[in-house]
Amino acid sequence: MSVFFGKAARRTAAAAFAAGALLLPATAEAQDRMIGGYMAYLGPEDRVNSRGARLASAAAIVRQDRANFHRFGIRHAGDENDRWFGSPGHRQAMESLIVISADEARIIERQDALVYVSIFARGGQITSIRVEIPG
């Protein structure tokens with residue numbers, strides 16, 4: 001920052017940042033910290049549950065991808081391991097924590113997609129899981 005801005009501009013920017021930080025709402029989002037993430041290729045096997053029934057939501061598809069990866073050994077090129085969703089209980093909880101845009105959810109529900117999954121936590125508890133299609 002000091003390369004492009006003079007001393008007065010740096011002080012002004014710092015003051016503006018500090019004032020903005022004081023005005024941040026005390027929401028869960030403001031306190032969450034990204035603890036990691038992984039890439040996943042969501043293929044046709046991920047759009048159906050283990051009984052073969054078609055899944056209706058993008059969140060359910062992301063959850064099934066992790067079940068396929070950890071429990072059933074179904075792995076696509078582009079799938080990465082994660083350290084959070086190896087247990088059935090953790091996979092069950094993940095679906096309600098997933099945050100995804102409506103446009104990206106529609107894409108995931110209709111076709112194969114490569115996604116990046118970001119894991120956010122506060123105090124050792126996962127608070128949200130953001131799913132995005134890169135690019």
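Values below: every heavy atom of this structure, side chains too, minus hydrogens, waters and symmetry copies.
- Between I108 and V115 the shortest side-chain heavy-atom distance falls below 4.5 Å.
- At distances below 3.5 Å, not a single donor-acceptor pair connects side-chain atoms of Q64 with backbone N or O atoms of R47.
- The CD1 atom of I100 lies 10.5 Å from the CZ atom of R106; values are rounded to the nearest 0.5 Å.
- Note: I74 CD1 to S50 OG = 9.5 Å, rounded to the nearest 0.5 Å.
- A donor-acceptor pair is defined here as one N or O able to donate and one able to accept, closer than 3.5 Å; no such pair exists between the side chain of E104 and the backbone of E132.
- No side-chain heavy atom of F69 sits under 4.5 Å from any side-chain heavy atom of R91.
- D32 and S128 get closest at one heavy-atom pair: OD2-OG, 4.1 Å.
- Counting heavy atoms from C-beta on, the side chains of I133 and L114 never come closer than 4.5 Å.
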Report task. Would you check, one step at a time, whether the test side-chain contact (heavy atoms from CB on, under 4.5 Å) holds for V62 with L42? Result -> CA-CA 7 Å; V62 172; L42 305 176; 4.1 Å; yes
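- Residues F120 and R130 approach most closely at CZ-NH1, 3.0 Å, considering heavy atoms.
- Summarising the geometry of F85 relative to M94, their closest heavy-atom pair is CE2-CB, 3.7 Å, with the distance given to 0.1 Å.
- Pairing each heavy atom of R66 with each of Y38, the nearest pair is CD-OH, 3.3 Å.
- Side-chain heavy atoms closer than 4.5 Å link hydrophobic residues (I, L, V, M, F, W, Y) into clusters, and following such links, even through other members, never connects I35 to Y116.
- Here the side chains of P134 and M39 are in contact, with some heavy-atom distance below 4.5 Å.
- To the nearest 0.5 Å, the span separating CZ on R63 from CD1 on I98 amounts to 9.5 Å.
- Put simply, the side chain of S57 reaches to within 4.5 Å of the side chain of E95, judged on heavy atoms.
- For the pair M34/I119, no side-chain contact is recorded, criterion being any heavy-atom separation below 4.5 Å from C-beta on.
- Distance CD/Q31 to OG1/T127: 9.5 Å, rounded to 0.5 Å.
- V99 and W84 are members of different hydrophobic clusters when ILVMFWY side chains are connected at heavy-atom separations under 4.5 Å.
- A heavy-atom distance below 4.5 Å is found between the side chains of V117 and I129.
- Side chain of N68 to backbone of E45: a donor-acceptor contact under 3.5 angstrom is found.
- By the ring pair (Phe, Tyr, Trp, His ring centres under 6.0 Å) test, Y41 pairs with H76, sequence neighbours left out.
- Two residues are said to be in side-chain contact when any heavy atoms from C-beta on lie closer than 4.5 Å; D65 and D79 meet this criterion.
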